[in-house]
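Just so you know, these numbers come straight off a predicted model, no measurement behind them. Order of the sequence lines fixes the chain letters, A, B, ..., with proteins taken first and strands second; residue numbering starts at 1 for each chain.
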Amino acid sequence: MNTRQQSKLIYSWYGKPMSSDRKLRTSQYKGILITSESSRTETCIQLGDFILVEGVNADQPYVAQLVDLYEDGAQHKRAVVQWFCRLEEIPQNKRKLLKREVSAQEVFFDQVLGYDTDIAAETIIKSIVVLPLHLGEELPIITLNKEQTFYVKQSWDGKCFKVLSSDTFSKLKEANKKRGVITNSSKAFVPSDILTPVKKENEIVVRSATKPKNIDMGIESKHSASKSSLAKERHSQRVANNDIKTPTARKKLELNSPTRSKGRILGCEVLGLLDDDCDAVAPLEPSATKRKVKFTSEISGSPPKIPCSNDKSKSTSETAEPCQRFSDTLRLSPYTKIKDFSEKDKNLHGKDDNLTSAGYQKPSSQSPVLTPRSLRTCAQKTSALIAEQLSMLDQEDFLSDSDSSYSSSSEEEEEDDVPCTPEKKTKSSIIFSTPKSSRKPAVRTPGKTLKKTPLPGTPRTPRNATPEIPRRVQAAQEPASVLEKARLRLHVSAIPESLPCREEEFQDIYNFVESKLIDGTGGCMYISGVPGTGKTATVHEVVRCLQQAAENDELPPFQFVEINGMKLTDPHQAYVQILEFLTGQKVTATHAAGLLAKLFSTPGPKRTTTVLIVDELDLLWTRKQNVMYNLFDWPTQKDSKLIILAIANTMDLPERIMMNRVASRLGLTRMSFQPYTYKQLQQIISSRLKGVKAFEEDAVQLVSRKVAALSGDARRCLDICRRATEICEFARQKRTPEIVRMAHVTEAIDEMFSSPYVNAIRNASLHEQIFLKAILAEFRRAGVEEATVQQVYHHHVALCRMEGLQSPTVSEIMAICSRLGACRLLLVEASNKYLHMRVRLNLSQDDVMYALREE
Amino acid sequence: VQKILRERFCHHCAAGKLFGMEQQYRYLLELLKRTTVHGESNSALIIGPRGSGKTALLNHVLKDLKEMKQVTENLLEFLMKIPFLSGLLQTNDKVALKEITRQLQLENVVGDKVFGSFAENLAFLLEALRRGNRTSSCPILFVLDEFDLFVHHKNQTLLYNLFDISQSAQTPVTVIGLTCRQDILELLEKRVKSRFSHRQIYLMNSFDFKQYIKIFKQQLSLPAEFPDESFAQKWNNNVQHLSEDKTVQDVLQNLFQHTKDLRSLHLLLV
């Protein structure tokens, strides 16, 4: 992260204000100058330019056209933009309206009204090119600036896609033309072109590397160079995922550097720079794959030629003769690659077959997806971190549009990087004698990375395993009889069409969320109630209704995230899950917390409201309560647009376990779900059984009264009814149609609520019963509800004598005692005290008496 | 002869017959049949003192269920998956979860091992189970042996999730717990308890001494398909005499008064 802070950007106006409004104290400008502090480069963006704007998701910046620039009364630089939206920003269900494949580089002219077009100028990242195309037109073969060029064919107004009107089309065209002129002029105006400094610095690096004398300085310059080149690419860096990854990779380098020789630092820096260099050149190149291949060929060139080959590649790319160079690389690469693989064969036995085949395949096919996975894994082993670093650095320039393209591109680069590493290794023996060559440091890097490789032997969990239970062969049988149908409907999982008896609560929650949605603000609501009172069901129903309303455009769209405290292994995992729901990123808990805090505290121009359901809130409790604190703090932030519905069992949870600062943030919007009354339970059952005549009216009433008296848990109620249908079905031996009667329900209730103890005692063996009797006698004698086995044993022997039975031995008594203890009829101490072990009854004395008297 | 008897006494789970639990047997069979045929989710506990035949009952039901599917209707290829967990082996949720994933052979299983953190695994399993629905996914039967030990896991996360799945419209799941503790329901957390369907099957060993003698005879006598028929007949007659013998009856009476556990009978016979 530190590199990013160092490359802070300064936004300043370009030129004099065009017009100013005294009354509103605003002044308009025709361009904005973005200056990077560390590299001292400036870029100028003018009205009409197409720009990238920082978005919610770090790797997906928004595309927009600059319409107006002004400074408002409070000295804030503001910009008015015309949005373009990417395919990913269009709701999934609307995408199929398009009826065609859309490339990642295509955007849509955005005519959705809801979005704020007035943004802070600081969120502008850089300028890009957006080309208008006619609908039928193919995407032109992209020759330059692939990552920075977008195409627009159609417009999107939130409901349907339309062909661009000729008016907008010509406007966009014009803007492009104008832009060309402007950029030319701005080049004249700003002397330091984007590309040049990198090259200069790079050259310095290369030179300094050749001269051992200057090594220290070289490192210095390299540090700054890498930083500034990073800074240069900051526009892309800020945009792409690497925003996260690169700094850490850098950090790793820096962390490791003190222990390692300077040469090594040099090595990776040089590699990095070579790579950066490639990137700087890359925009002029046709495609990423080609670029990488060329990079390989560069390295595989003979050592003394390196600097000039760099130059050469630069010059070739500048003259833009991709065909020639590509053929050149083709000629070079197969040879080197095969050499690499043969080299690798020595290291990794038995893999030669697919490796060499892959080697042949690669230059010809250019589709890395085809290469076998084994290649990749072994590639990871050998080239390990260096490959990753390289690919990450490479990625900076890669405005990956979607996650998929990101991953595939990284894969492709990793694979392409593979050949370089062993290549360098082979070289190392040869070049070692020539210390002056700039290659030498680079040569040593593989060794270092190999050391760093974290346990190459451990197989990773397949990343893209799809969680799925195998399908069943035969379809599940549909219910045949009335009773079966009733049972299916009575299952708790069956989703009722409506939630009876919770209309009021439903309306309250709905109104709360709806009002917040319309206002675009955040808020919390705390919902409590004993288990089985329909809290979660009601909230889900609310969200379903809201989603429906949002789909019908009655409400602004929103995102819905749900976490459940019970389904988390650790409270901090909540962050991870929320972030994964929102952006699809998978990171560690602490990192996720940081990202989320950033997400909710910074104003996002196009961000929609998020509805977050936190179920089983009490389990998110930690000693410092930071998870809860953060959760409830976010909605209070100005721009968070976060609505939290927290669900828990206890009504006084905020007062009981939360610290004051957490409880106060939770607010006072509370709702408690009362346990169902018997009438409500009755209504629930009958609404579920609508149309199925399976229950007697009285039976339903009996169940609901019984449950309402005990807990008011609707789940219990449904379970009893389900069990009653089973009993009924079971009892009905003949094929007479039967409905559930009182008797069945009573049996079910008895089965579920009866205490098992009495039955257990009655079925215990004779000596166990005598032992219990002895305990009772001992309790009565001592007047204390606790006794040692020894005392009980005396009574036991006496009782046996009375009954005329053989008295058991001490060890038999111990066995009896432990058996009763295992059933928890008795509570016993740890058995190491033997006869002095204390015992206690786990049920009341009366129960034992009652159970024993019947005999 | 020795071989047959030894097998019968030492591997009691494989022993063929059940005594005095026909009703429970039918109940459990019905329950599992509904899970397999209708894809209905359920949860149940089998409670009974040690040696009362809980595991034997379950094994029996499963065996019969398999036969029934294959022989009679062939309606549904028996695809039920049975992760079998024991509270003594799976000492915490993390281990249990890995074991479940391994036994289910989900896609994140590499060879025979499961990698990834606890959180990842839990999320993965829940996601996997959420994907399914009543009609298309194959039902899963979770058997939790020594259920009382699972209760002591932190937050009862595993139990909550299993019961929650069995109560919601996801992959059909039947959770069966085996325990000897009578007070098991009081150990469940209130949320977990609410999600449990409160089906309890009690096994009690509720036979008297006459039945006990009968069991004794049954255990000793040779089956009809014994190769040497005359020998078998002779043996069985001897067993009959033995059971009527006064001293033998006294010994058995004594044991019966101490414990009704059939395992101790087996031990005595060995």
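- Interface residue A:Leu805: only side-chain heavy atoms are found under 4.5 Å from chain B.
- Smallest separation of non-hydrogen atoms from A:Leu568 and B:Thr157: O-CG2, 4.5 Å.
- B:Arg181 places no side-chain N or O within donor-acceptor distance of the main-chain N or O of A:Leu825, the cut-off being under 3.5 Å.
- For B:Asp183, the parts sitting under 4.5 Å from any heavy atom of chain A are the backbone and the side chain alike.
- A:Leu619 has its side chain within reach of B:Arg191: a pair of non-hydrogen atoms, C-beta onward, lies under 4.5 Å apart.
- The two residues B:Cys180 and A:Ala822 have their closest heavy-atom pair at SG-O, 3.5 Å.
- Under the 4.5 Å side-chain criterion, counting only non-hydrogen atoms from C-beta, B:Lys190 is not in contact with A:Val530.
- Of all non-hydrogen atoms in B:Phe196 and A:Asp719, the two that sit nearest each other are O-OD2, 3.9 Å.
- B:Lys246 pairs by the salt bridge (charged side-chain N to carboxylate O under 4.0 Å, His left out) definition with B:Asp250, not counting sequence neighbours.
- For A:Met752 against B:Ser197, the heavy-atom pair with the smallest separation is CE-O, 3.3 Å.
- Residue pairs meeting the salt bridge (charged side-chain N to carboxylate O under 4.0 Å, His left out) criterion with at least one partner in residues 804-822 of chain A, sequence neighbours excluded, are A:Glu768-A:Arg819.
- Rounding to the nearest 0.5 Å gives a distance of 8.0 Å between CZ of A:Arg723 and CG of B:Leu31.
- Of the two parts of A:Asp570, neither the backbone nor the side chain holds a non-hydrogen atom closer than 4.5 Å to a non-hydrogen atom of chain B.
- In terms of heavy-atom pairs under 4.5 Å with chain B, the best-connected choice from A:Leu843, A:Val576, A:Asp713 is A:Asp713.
- Closest non-hydrogen pair, B:Ser194 versus A:Gly532, comes out as OG-N, 3.9 Å.
- Residue contact with chain A, scored on non-hydrogen atoms closer than 4.5 Å, involves the backbone of B:Ser166 exclusively.
- In this structure, the portion of B:Glu189 lying under 4.5 Å from any heavy atom of chain A is its side chain and not its backbone.
- Side-chain contact between A:Ile761 and B:Gln182 is absent, with no heavy atoms from C-beta onward closer than 4.5 Å.
- Proximity to chain B is absent for every atom of A:Ala815, based on heavy atoms less than 4.5 angstrom apart.
- Only one option out of A:Arg715, A:Glu751, A:Arg716 pairs with B:His198 in a side chain to side chain donor-acceptor pair (under 3.5 Å); it is A:Arg716.
- Salt bridge annotation for A:Glu726-B:Arg199: present, with a cationic side-chain nitrogen under 4.0 angstrom from a carboxylate oxygen.
- Looking at heavy atoms from C-beta onward, A:Met566 lies out of side-chain contact with B:Asp164 at the 4.5 angstrom threshold.
- Between atom CD1 of residue B:Ile47 and atom CZ of residue A:Arg824 there is a gap of 13.0 Å, rounded to the nearest 0.5 Å.
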